[in-house]
Amino acid sequence: MCVHPTPCPDAATDARDLAVVVSSHPEQGWSLLCNGVVLFDDDGELLPDGSAVADHHQWRTAGLVRA
């Protein structure tokens with residue numbers, strides 16, 4: 001699907017949500033990526049094969065680094 005000079009990550013990889021947005025629908029809470037993934041505002045994903053991926057991100061905050 002991706003026709004960019006540098007191809008976007010394939011839908012089967014963990015980096016799939018870094019693909020380019022081709023259709024954004026913030027009023028409905030989702031965006032279509034060029035690799036066929038539907039990315040939802042709650043960080044869930046619908047893959048091109050119809051399987052769903054729940055929020056799988058680990059959000060981290062800056063912490064104190066001790067030497």
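No hydrogens, no waters, no symmetry mates; every other heavy atom, side chains included, goes into these values. This structure is a prediction, so every number in the text was calculated from the model and none was measured.
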Members sharing Leu46's hydrophobic cluster (side chains within less than 4.5 Å):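 Besides Leu46, the cluster holds Val22, Trp30, Leu32, Val38, Phe40.
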For [X] versus [Y], what's the shortest heavy-atom pair and its separation?
{"X": "Asp49", "Y": "Ser51", "result": "OD1-OG, 2.6 Å"}
{"X": "Val37", "Y": "Ala11", "result": "CG2-CB, 3.7 Å"}
{"X": "Leu33", "Y": "Ala19", "result": "CD2-O, 3.8 Å"}

Not counting sequence neighbours, which residues clear side-chain contact (heavy atoms from CB on, under 4.5 Å) with Ala12? List them please. Asp10
Sequence neighbours left out, what passes side-chain contact (heavy atoms from CB on, under 4.5 Å) with Ser24? Give chain and number order.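 With neighbours one apart ignored, the set is Val21, Pro26, Ser31.
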Has the side chain of Asn35 got a donor or acceptor atom that lies under 3.5 Å from a matching backbone atom of Arg16?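 Pair found, side chain donor or acceptor close to backbone of Arg16.
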Hey, could you give me the NE2/CG distance between His25 and Asp41, rounded to the nearest 0.5 Å?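 Spacing of NE2 (His25) from CG (Asp41) equals 12.0 Å.
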